[in-house]
Amino acid sequence: MSRNEDLFCRAQRTIPGGVNSPVRAFRSVGGTPRFIARAEGARVWDADGKAYIDYVGSWGPAITGHAHPEIVKAVQEAATRGLSFGAPSEAEVEMAELLCARMPSLEMVRLVSSGTEATMSAIRLARGFTGRDAIVKFEGCYHGHADSLLVKAGSGALTFGHPSSGGVPADFARHTVVLDYNDCQGLEDLFVARGDQIAAVIVEPIAGNMNLIMPRPEFLAALRRLCSRYGAVLIFDEVMTGFRVGPQGVQGLLGVEPDLTTLGKVIGGGMPVGAFGGRRDIMAQIAPLGPVYQAGTLSGSPVAVAAGLASLRLVAAPRFYDQLAARTRQLVEGLIGAAVEAGVTFSAQSVGGMFGLYFSEHCPGTYEEVMATDRGAFNRFFHGLLDSGHFFAPSAFEAGFVSAAHGEAEIAQTIAAAKAYFAAPRD
Ligand SMILES: *Cc1c(COP(=O)(O)O)cnc(C)c1O
């Protein structure tokens, strides 16, 4: 038995499913999850010592490559000064200033320890600010695992949502309306019918949790226009896209300003940091300034913030995003070329350091279209490439990530492996 198999057996005895976050269990693609022993640059090594070029990047945070020496050093130095104080520290102020300076829609920001905490807090804040209960989300967008957000569409588009997880009271879910991503008419109809009840619309402005789906320009414009007209808070969940698609997230890339933004992943540089922020008048409703309660024992942890600050300094290097985007495009174009050569039905796209691969003729634009892609073909591709030392996200419905540590050589090796796979695919 391999070490991976052995660990997976052992893990399942004491950890539900053997993992601490479900997608890691490989249920979607089948097979044994790789237990990672270490990671450096563009690579991870599993418990059997096998190396993989990594396109998961810890699901986004590892944008400068794994274990970047400057981030590791910042963590080590911060740790020697104490792990946690339960009192404010200067690094948190620096982090808040840096986030507000980089993202123009942030006037004030609060740090938390995960993306889930950020979205959960932003929703509560929007409800407190507007005095309204209803929130709107879109099918296929993921915003962490808070009760109000684990909701799927009801029978009609304008009806109440239903829980998409056990343990979420139907009474909570009915305050969440779920619409189709990129559906401007559905959005317009909802606001006309119930605009005065809607506290917030939360959206991934580029969706990265149903594979990668680009927004239609008129979709984000409609969101902005309708939220402003009806007094609803527009929340951009940029936990994944923030500092990933470009230096100012999707809002900078596509020029649409939300009222609140949620951040995570890259801003922690691999450590647990999340944030939510935005308009000063809204943020002023948070305790201790206002009545909306939000807190955290380890929020703004000095060690985590040190990693985040180091990471944010690294991505501010000149041309960082140009180079990252070019490298990512190179991967995507190479994979498309390999598929075309072999006559495989395949499409792909990228934005910044994020990409989507689809076993379908065209890049999907809706949740329905993503669901219609050939997941069997993806699963076989996944395992083919895993065997040859390439770690893609273990699901057809996740985006992929390239880091600044991925060089020409890593991209070329991956494209060559894809060519070899497409020439002799698995049954
Ligand atoms: C990852 C993610 C979250 C949740 O963040 P966690 O740190 O896993 O809680 C929320 N929203 C989006 C868009 C994400 O990609």
Side-chain angles (χ1 to χ4, degrees), residues 19-25 55-63 103 110-126 135-151 164-165 168 176 178 181 200-215 220 223 234-246 249-251 253-254 258 260-278 294 296 298-301 304-305 307-308 311 351-356 367 370 393-395 397-401:
V19 293
N20 284 312
S21 199
V23 71
R24 298 178 195 172
Y55 293 103
V56 176
S58 185
W59 299 98
I63 195 165
M103 283 218 175
R110 179 160 279 176
L111 299 183
V112 293
S113 299
S114 70
T116 294
E117 268 187 88
T119 57
M120 180 185 78
S121 307
I123 294 286
R124 182 181 304 137
L125 173 57
I135 60 168
V136 180
K137 78 176 284 282
F138 298 92
E139 192 83 44
C141 284
Y142 176 69
H143 304 291
H145 60 90
D147 283 343
S148 296
L149 296 165
L150 290 180
V151 179
S164 64
S165 159
V168 174
T176 304
V178 183
Y181 196 78
V201 180
I202 185 166
V203 66
E204 287 184 75
I206 288 174
N209 284 286
M210 47 174 160
N211 209 319
L212 171 64
I213 303 281
M214 293 300 289
L220 294 186
L223 280 170
L234 178 57
I235 305 171
F236 274 7
D237 181 356
E238 298 226 44
V239 168
M240 181 182 284
T241 55
F243 303 99
R244 164 58 65 181
V245 300
V250 180
Q251 48 199 273
L253 195 69
L254 301 181
L260 292 179
T261 300
T262 54
L263 295 167
K265 298 194 169 110
V266 169
I267 68 160
M271 295 286 275
V273 181
F276 63 101
Q294 188 280 328
L298 294 178
S299 291
S301 143
V305 165
S311 184
V351 53
M354 201 172 153
F355 64 85
Y367 179 71
V370 179
S395 159
F397 308 118
E398 301 286 353
F401 303 97

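Atom set for the values below is all heavy atoms of this structure, side chains included, hydrogens, waters and symmetry mates excluded. Counting begins at 1 with the first residue of the sequence. Start at 1 and go down the list; that is how both ligands and their atoms are numbered.
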[X] contact mode with ligand 1 (heavy-atom cut-off under 4.0 Å):
{"X": "Lys265", "result": "side chain"}
{"X": "His143", "result": "backbone"}
{"X": "Thr241", "result": "neither"}

With a cut-off of 4.0 Å, which atoms of ligand 1 are near a heavy atom of [X]?
{"X": "Glu204", "value": "13 (C)"}
{"X": "Asp237", "value": "10 (C), 11 (N), 12 (C), 13 (C)"}
{"X": "Ser114", "value": "7 (O), 9 (O)"}
{"X": "Tyr142", "value": "11 (N), 12 (C), 13 (C)"}
{"X": "Gly115", "value": "4 (C), 5 (O), 6 (P), 7 (O), 9 (O)"}
{"X": "Asn209", "value": "12 (C), 13 (C), 14 (C), 15 (O)"}

Inset, instruction - Under the side-chain hydrogen bond (donor to acceptor under 3.5 Å, both in side chains) rule, collect the residues that match up with Arg124, sequence neighbours excluded. - result: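 Not a single residue meets the side-chain hydrogen bond (donor to acceptor under 3.5 Å, both in side chains) criterion with Arg124.
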
Legend entry - Interatomic distance, Phe236 atom CZ to Leu220 atom CG [nearest 0.5 angstrom]: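 Nearest 0.5 Å value for the CZ-CG distance: 5.0 Å.
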
Any side-chain to backbone donor/acceptor pair from [X] onto [Y]? Under 3.5 Å, distance only.
{"X": "Tyr181", "Y": "Glu204", "value": "yes"}
{"X": "Thr119", "Y": "His143", "value": "yes"}
{"X": "Thr176", "Y": "Leu149", "value": "no"}
{"X": "Ser301", "Y": "Ala304", "value": "yes"}
{"X": "Glu238", "Y": "Val250", "value": "yes"}

Inset, instruction - Could you walk me through whether Cys141 and Asp237 pass the side-chain contact (heavy atoms from CB on, under 4.5 Å) test, one step at a time? - result: CA-CA 9 Å; Cys141 284; Asp237 181 356; over 6 Å; no

Inset, instruction - Starting from atom 3 (C) of ligand 1, find the nearest protein heavy-atom neighbour and note its residue, name and distance. - result: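 Closest protein heavy atom to atom 3 (C) of ligand 1: Val239 CG1, 3.7 Å.
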
Inset, instruction - Considering only non-hydrogen protein atoms, determine which one is nearest to atom 9 (O) of ligand 1 and report residue, atom name and distance to 0.1 Å. - result: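 Heavy-atom neighbour on the protein nearest atom 9 (O) of ligand 1: Thr116 OG1, 2.6 Å.
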
